[in-house]
Amino acid sequence: MGHPAVLSVDLECFSHLPAYRGARGRLDDPDVGLSTVDGLLDRFGAHGASSTFFVVSGIAERHPELVARIAEAGHEVASHTRRHVHLSSVSSAERREELARSRETLERTAGVDVAGFRAPSFDVPSGPEHFAALDAAGYGYDSSVVPCRSIPGWYGGEYTQRRPCRADRLVDGAPASVAELPVAVMPGLRLPLSGTWLRFFGVRYAIAGMRLLARRGIVPVLYVHPWEFVDLPAVDGVPRRVYWRTGAWMRRTLERLLEQPFAFVTARSALRGVTDA
Ligand SMILES: [Zn+2]
C-alpha cells in the first residue's frame, strides 16, 4: 500500500463557474459536466480508489440519484455549498444558509453523514467566522485552505499551513472541533498541484509534487472537476484558459494519477486523529 493521497472531486457544472456566469454566451444544457460522473466512479472503482465528492447541493436537489450512486460506490459525500457562490460576496446570513441547507440536502439524498466542506474558488472570509459557521452547521472539517503564494486575481498568500490541523491552530478564535485539510501546493514554488495548474504545468508536475509532499509525511490533496473531462462547448466570453487541456487530456491525466503508487483515500480518513470529531 502506498502513501495516502486524496484525489477529490468538486462536483459542479460548467454553468456554476464564475467565468461562465460572467460570460455573454449561454449553454442550452445547464448540466454540462454531470455526464462524466459515472465515468469517474468507474475509473476510481477500477483502481480501487476512494474519493471525496464536494457536491454543489443544488445538483443533488435536481439529481438525487446521482449523489446516491456516489455514496453507494463507497465514496465520501461532502458539501461545495448550495449554489456555488463566493462566500465572501454574500451576507453572513446567506453564508450560514449555504452551509446548513447544503449539508441537509446532501445527507438526505446520499443517506450518509456529511462532515466535509469546500468553498467555491477556495474563497472564505478571513477570521474565525467561517469555521464557527461550519461548526454550527454540524460540519467536522473544511478543505478550503490553499497554502500557496499570493496569485493576483485568484487567491493565496494568507496561509502557510500545509498539514492537516485543528482550525484553532490556523485561525485565532476558531473552534477546536473543526479540522482543516489544506489543498496541496508544490513545495518551494508554492503553486497548487491541481486545478488550472495541473492543466498548465502537466501531470508530471503534479506527480512530482505529490512525491515531494509524501516524502515530507504530508498527504497530498488534489481536486478535479467533472466538467474538465468533457469536450466542452464553446461559450462566448469564457476565457480560453478555462478550456485549456480539458477533455481527452484530462481523461488521460486521471489515469496517470490513479496509476501512481499512492493509496487514494477520502478526505475524512486523511484527517483521522486531527480532531476528536
Ligand atoms: Zn467549485
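Closest approach of L99 and Y139 over heavy atoms only: O-OH, 2.7 Å. Across all non-hydrogen atoms, the minimal contact from A167 to P175 is CB-O, 3.6 Å. Scanning all heavy atoms of the two residues, the minimum distance from V274 to C165 falls at CG1-C, 3.4 Å. Residues F44 and L254 come closest through the heavy atom pair CE2-CD1, 4.3 Å. Here the shortest heavy-atom pairing between P4 and P220 reads O-CD, 3.4 Å. V235 approaches Y243 most closely through the heavy-atom pair N-OH, 2.8 Å.
Side-chain contact between V224 and T253 is absent, with no heavy-atom pair separated by less than 4.5 Å. With contacts defined as side-chain heavy-atom distances shorter than 4.5 Å, the pair L189/R149 qualifies. Counting heavy atoms from C-beta outward, T196 and W244 have side chains that stay 4.5 Å or more apart. Taking 4.5 Å as the limit, some side-chain heavy atom of L193 sits within range of a side-chain heavy atom of L213. Inter-residue side-chain proximity for R252 and W249 is flagged as met; some heavy-atom pair is nearer than 4.5 Å. Here the side chains of P182 and R163 are not in contact, with every heavy-atom distance at 4.5 Å or above. Looking at C13 and L34, their side chains come closer than 4.5 Å, going by heavy atoms from C-beta outward.
Under the 4.5 Å side-chain heavy-atom criterion for ILVMFWY residues, a single connected hydrophobic cluster contains both V203 and V183. Cluster membership check: V37 does not share its hydrophobic cluster with V32, using side-chain heavy-atom separations under 4.5 Å among Ile, Leu, Val, Met, Phe, Trp and Tyr. Cluster annotation: M186 is connected to Y159 through the hydrophobic network of ILVMFWY side chains, with a link wherever side-chain heavy atoms come within less than 4.5 Å. Hydrophobic cluster membership is shared by F122 and L11, with clusters built from Ile, Leu, Val, Met, Phe, Trp and Tyr side chains linked at under 4.5 angstrom. Note on V242: it does not cluster hydrophobically with V56, by side-chain heavy-atom contacts below 4.5 Å among ILVMFWY residues.
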Residues 225-232 side chain polar contacts: donor-acceptor under 3.5 Å, at least two apart:
residue	atom	partner	partner atom	Å
H225	ND1	E228	OE1	3.2
W227	NE1	E12	OE2	3.1
E228	OE1	H225	N	2.7
E228	OE2	R199	NE	2.8

Could you list the donor-acceptor pairs under 3.5 angstrom formed between side-chain atoms of residues 124-138 and any protein atom two or more places apart in sequence or on another chain?
residue	atom	partner	partner atom	Å
E129	OE1	R95	NH2	2.9
E129	OE2	R95	NE	3.1
E129	OE2	R95	NH2	3.3
H130	NE2	D142	OD1	2.9
D135	OD1	S177	OG	3.1

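The main-chain N or O of T52 is never found under 3.5 Å from a side-chain atom of H75 such that the two would form a donor-acceptor pair. Looking only at distances, no side-chain donor or acceptor of Y223 sits under 3.5 Å from a matching main-chain atom of F54. Using modelled atom types, one side-chain atom of S8 and one backbone atom of L222 make a donor-acceptor pair closer than 3.5 Å. For the pair R43 (side chain) and A49 (backbone), a donor-acceptor distance under 3.5 Å is absent. In this structure, S269 contributes its side chain and V265 its backbone to no donor-acceptor pair below 3.5 Å. Counting only distance, with no hydrogens or angles, the side chain of E76 and the backbone of T266 share no donor-acceptor pair below 3.5 Å. Although no hydrogens or angles enter the test, the distance criterion places no donor-acceptor pair under 3.5 Å between the side chain of Q260 and the main chain of F262. Side-chain N or O atoms of R103 include one that pairs as donor or acceptor with a backbone N or O of V114 at under 3.5 Å. For R162 (side chain) and P147 (main-chain N/O), no donor-acceptor pair under 3.5 Å exists by modelled atom type. A donor-acceptor contact shorter than 3.5 Å is absent between the side chain of S57 and the backbone of L106.
To the nearest 0.5 Å, atoms OG1 (T246) and CZ (R241) are separated by 12.5 Å. Taking OG of S102 as the reference point, atom CD of E107 lies at 10.0 Å (rounded to 0.5 Å). The CZ atom of F53 sits 5.0 Å away from the CD1 atom of I70 when rounded to the nearest 0.5 Å. Here the straight-line distance linking atom CE of M210 with atom CD1 of I218 works out to 13.0 Å at 0.5 Å rounding. In this structure, Y205 OH and F200 CZ are separated by 12.0 Å, a value rounded to the nearest 0.5 Å. Of the inter-residue distances, the one linking D123 atom CG with S89 atom OG reads 6.5 Å to the nearest 0.5 angstrom.
With sequence neighbours excluded, the residues satisfying salt bridge (Lys or Arg N to Asp or Glu O under 4.0 Å) with D236 are R24. Under the rule for a salt bridge (Lys or Arg N to Asp or Glu O under 4.0 Å), the partners of E94 that lie at least two apart in sequence or sit in another chain are R83.
Tested against V146 for a side-chain contact (heavy atoms from CB on, under 4.5 Å), the candidates S194, P192, S121 yield a single pass: P192. With respect to R118, the side chain to side chain donor-acceptor pair (under 3.5 Å) criterion is satisfied by exactly one of S144, S79, S143: S143. Partner of I59 under the side-chain contact (heavy atoms from CB on, under 4.5 Å) criterion, out of H84, H80, H16: H16 alone.
For R240, the CZ atom counts as loosely surrounded, since its 6.0 Å shell holds 12 or fewer non-hydrogen atoms of other residues, nucleotides or ligands.
For residues 167-195, the salt bridge (Lys or Arg N to Asp or Glu O under 4.0 Å) pairs, not counting sequence neighbours, are R166-D168. Each salt bridge (Lys or Arg N to Asp or Glu O under 4.0 Å) pair with one or both residues in residues 61-73, not counting sequence neighbours, appears once here: D31-R62, D38-R69.
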Next item on the list: Report the C-alpha distance between D113 and R268 in whole Å, list the side-chain angles of each, state the deciding distance to 0.1 Å, and finish with yes or no for side-chain contact (heavy atoms from CB on, under 4.5 Å).
Entry: CA-CA 11 Å; D113 174 37; R268 197 175 191 175; 2.9 Å; yes

Notebook entry, point to check: Between H3 and R215, does a side-chain contact (heavy atoms from CB on, under 4.5 Å) hold up when you go through it step by step?
Noted result: CA-CA 9 Å; H3 189 277; R215 233 177 271 162; over 6 Å; no

Margin query: Using the rule given for side-chain contact (heavy atoms from CB on, under 4.5 Å), can you reason through V185 versus L191, listing the C-alpha separation, both sets of side-chain angles and the distance that settles it, and then say yes or no?
Written below: CA-CA 5 Å; V185 305; L191 286 174; over 6 Å; no

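In this pair, Y20 and F14 present their aromatic rings tilted. The plane angle is within the 30 to 60° band.
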